[in-house]
Amino acid sequence: MQEVTRLFDFPYYQLKKHSLNKSLVTKYNGEWIATSTKEYIDKSNAVSRALLRIGIKKNDKIAVISSTNRTEWNIMDIGILQTGAQNIPIYPTISAEDYEYVLNHSDSIYCFVSDKEVLDKVNKVKAKTKLKEIYSFNHIEGCKHYSELLELGKDEENQNEVEDRKNNVKPTDLATIIYTSGTTGKPKGVMLSHNNIVSNVLSAKNRLALGEGGIALSFLPICHIFERTFLYAYQYRSIEIHFAEGIDKISDNIKEVKPMTMTVVPRLVEKVYDAIVAKGTQLSGFKKMLFLWAIKIGLKFEPYGANGWWYEQKLKIARKLIFSKWQEALGGNLRFMASGSAALQPRLGRVFAAANMPVMECYGLTETSPGISVSEQDNYGWKIGKVGRVLDNMEVKIADDGEILCKGPNVMMGYYKDEVKTAEVIINGYFHTGDIGNIDEDGFLQITDRKKDMFKTSGGKYVVPSLLENQLKQSRFIEQVMVIGDGEKMPAALIQPNFEFILDWIEKKKKDINKDYNSICSSQIIIDRIEQEVNEANQQFGKWEQIKRFELTPEVWSIEDGHLTPTMKMKRKAIKEKYNDLYNKIYRS
């Protein structure tokens, strides 16, 4: 069987190896509608034929913007790539101005949108772009529908031309430009070839417990390379892909779909854990005692029975009596989750592994397609708090200053239209990740911080914010936290309280505090309680690193309000600017 070398080879490989009746599954009007492998390929070919008929040439750019993951996105992806054109995925949550920048910078000439909200943003800037036409996946009055392409491509007369285009696409050709969400400045266009992504899928395929068959639930943004690469991996392994209706419906969709696997970000794992614990602490008597005992057991978990026979016996009991209910809440079939984008708190890694739903940490960047290292349940390839061993076809070394450098077939072609920035990060063949880390004696990679986020206090002491932040976020009173203090006399923190938990706490403790967020943040009772949490976390660190002061922010940090990137990373510069008054209160008052 012909091996996969280009992205559009994946569905054809699935067709020959293990064709599915339900290759891609999306919910429309309350009903799950499946697209078979053959139908997926047929529709992709129809799209390719239509694109050729409307004049798409090799290396043309077509933008795709979808609020949720869905079947149409994947059909468009294959349909575009087969013509030798490039798919430009764009985050749906960015501003209209950023749409304008990305559409213009990428030279996109057509755009496909999912819904009216996205369409309205694109229409605001369309006149200032090179866009010839916009199509929508949803039926929207006044906008061409994506099915018009399928109709235009129905006639197979020009399929030979499609085949010719396909045959002329080389593995080294550009496949996509992914605009990094960027924590500062304008997004950069990361150019990834077919081989960049294909090599990553094939090198990671044996690390992850992706046996042939089974069901995956997809909900992380498909415009991000982490989710997209996994979708290709699922196709390669003939795993049914079910697309969640949205972040707000994940809980319902998990129960309906009963997935074997899904990709997650640590923030989501934290939320699931917090919700479970909140429910468990509402129990009373023996049930509550049993629940808390199981959590205590879970927080001591070590892989491969390292805790010994007696611990494993207690774990069996905890799994049967308590953790089995966690599994039921997450569909009952979840074998593992793959986590990326940020560091997973070790306590979450332990407790979900104890619950028989291990979270396998992966590490990489958009620029590395994305995988550099992957955790593996088999072959002793899993350590809590580490991001696995480096992939076989990659070379990784640690620079003198601790920065992780890597070389391999998955490293990007460069930044689109920006040779200067490309030369800044690819030096002597090595991509400079900007992450600080180390490799232990067993070959496991650990990430300790972002190079640019580390800072020195005015006393000349280095502070690693992420270590402090991860420790502080273990408190149920703290939802988000950003450590500050670059050039200042001491580290401090801006904290977004966990309002949901605190409202419950106020109720249970019968505290006399108004329940609006401003009142919570100004309440001395809450400030004192959070100070206890900060003081406890401080004990893990040297005196120069400890948080001396903090301020609470009354807003929930979100993507929409500019606190977070679409992959839930903090926009440090934006947060600091947004809370400049609190910063000055800490350091200037």
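Nothing fancy with the numbering, it's 1 onward along the sequence.
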Can you tell me if S339 and E361 form a side-chain donor-acceptor pair at under 3.5 Å? no

Considering the options T176, N59, D173, which one meets the side-chain hydrogen bond (donor to acceptor under 3.5 Å, both in side chains) requirement together with Q86? N59

Can you say whether the rings of Y179 and Y101 are parallel (under 30°), tilted (30 to 60°) or perpendicular (over 60°)? perpendicular

If only side-chain N and O atoms count, and only distance matters, is there a donor-acceptor pair under 3.5 Å linking S36 with N21? no

Is it true that the side chains of Q14 and S23 contain a donor and an acceptor less than 3.5 Å apart? yes

Do F137 and H145 have their ring centres less than 6.0 Å from each other? no

Is it true that the side chains of N87 and D77 contain a donor and an acceptor less than 3.5 Å apart? yes

Is any side-chain heavy atom of L7 closer than 4.5 Å to one of V198? yes

Is there side-chain contact between E367 and T180, with at least one heavy-atom pair below 4.5 Å? yes

For the pair W557 and H563, name the ring-plane relationship: parallel under 30°, tilted 30 to 60°, perpendicular over 60°. parallel

Can you see whether H139 engages Y146 through a side-chain donor-acceptor pair at a distance of less than 3.5 angstrom? no

Considering all heavy atoms, the nearest R6-V4 contact: O-CG1, 3.5 Å

Would you please classify the geometry between the F226 ring and the F230 ring as parallel, tilted or perpendicular, with 30° and 60° separating the classes? perpendicular

